[in-house]
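What follows is a single structure, written as structure tokens, with notes after it.
What's counted below: heavy atoms across the whole structure, side chains too, no hydrogens, waters or symmetry copies.
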Amino acid sequence: MERYTKIIDLDIAEYFDALSHDILIDMLREEVKNDRVIALMRNYLKRGLMEGGIISPMAAGTPQGGKLPPLLSNIYLTKFNKLLESRGHKFVRFADDYNIYVKT
């Protein structure tokens with residue numbers, strides 16, 4: 001029996017800052033068939049960040065903190081998960097943090 005002897009500890013740098021809104025919305029549309037929910041999600045993503053009393057719109061990324069960003073991350077990284085599985089790797093992931101177990 002071959003063992004998984006190597007562990008890759010992966011944390012995607014600046015993941016939440018660079019997440020593509022358009023790709024995420026397209027992926028959400030595959031799972032969620034409610035246009036109002038999709039519109040709410042787009043508004044959530046575009047609402048912007050307040051720093052020093054000034055709101056800056058976000059062209060990419062997702063606000064951090066709370067329960068929604070990890071959920072969105074899980075949806076966004078589903079295709080990467082499937083790629084890992086198709087190559088026979090085992091992994092554990094939460095949001096953008098992975099432990100990938102490989103044989104070589």
Which of parallel (below 30°), tilted (30 to 60°) and perpendicular (above 60°) describes Phe80 and Tyr98?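 Rings of Phe80 and Tyr98: perpendicular, over 60°.
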
Side-chain touch [X]/[Y], heavy atoms, less than 4.5 angstrom:
| X | Y | result |
| --- | --- | --- |
| Ile75 | Leu28 | yes |
| Ser20 | Tyr76 | yes |
| Lys90 | Ile100 | no |
| Leu45 | Ile25 | yes |

Applying ring-ring contact (aromatic ring centres under 6.0 Å, His included), can you list everything that pairs with Tyr44, at least two apart in sequence or on another chain?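 Partners of Tyr44 by the ring-ring contact (aromatic ring centres under 6.0 Å, His included) criterion come out as none, since no residue qualifies.
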
Just how far is it from atom [atom1] of [X] to atom [atom2] of [Y], taken to the nearest 0.5 Å?
| X | Y | atom1 | atom2 | result |
| --- | --- | --- | --- | --- |
| Met41 | Thr62 | CE | OG1 | 7.0 Å |
| Asp96 | Asp11 | CG | CG | 4.5 Å |
| Asn81 | Ser86 | CG | OG | 11.0 Å |
| Leu77 | Leu84 | CG | CG | 9.5 Å |

Please determine whether the number of non-hydrogen atoms from other residues, nucleotides or ligands lying under 6.0 Å from atom [atom1] of [X] exceeds 12.
| X | atom1 | result |
| --- | --- | --- |
| Lys6 | NZ | no |
| Lys33 | NZ | yes |
| Lys103 | NZ | yes |

Ignoring hydrogens and angles, tell me if any N or O in the side chain of His21 forms a donor-acceptor pair with the backbone of Lys46 under 3.5 Å. no

What I want to check is whether the side chains of Asn99 and Arg93 have a donor and an acceptor closer together than 3.5 Å.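 Result is no, nothing qualifies.
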
Co-members of [X] in a cluster of I, L, V, M, F, W and Y side chains, linked at under 4.5 Å:
| X | answer |
| --- | --- |
| Val92 | Tyr4, Ile7, Tyr101 |
| Leu40 | none |
| Ile54 | none |

Using a strict cut-off of less than 4.0 Å between a Lys/Arg side-chain nitrogen and an Asp/Glu carboxylate oxygen, indicate whether Asp35 and Arg42 qualify as a salt bridge.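 Between Arg42 and Asp35 there is no salt bridge, as every charged N stays at least 4.0 Å from the carboxylate O atoms.
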
Apply salt bridge (Lys or Arg N to Asp or Glu O under 4.0 Å) to Asp9 and list each qualifying residue two or more places apart in sequence or on a separate chain.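 Not a single residue meets the salt bridge (Lys or Arg N to Asp or Glu O under 4.0 Å) criterion with Asp9.
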
If the condition is salt bridge (Lys or Arg N to Asp or Glu O under 4.0 Å), which residues does Asp26 pass it with, not counting sequence neighbours? Arg29

Can you hop from Met58 to Phe16 via hydrophobic side chains spaced under 4.5 Å?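 No, no single cluster joins them.
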
Contact summary for Ala18 and Ala60, nearest pair of heavy atoms: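 Taking Ala18 first and Ala60 second, the nearest heavy atoms are O-CB, 4.2 Å.
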
Let me see the working for Leu19 and Leu24 under side chain to side chain contact (heavy atoms under 4.5 Å, CB included), right down to the final yes or no. CA-CA 8 Å; Leu19 187 132; Leu24 177 58; 3.5 Å; yes

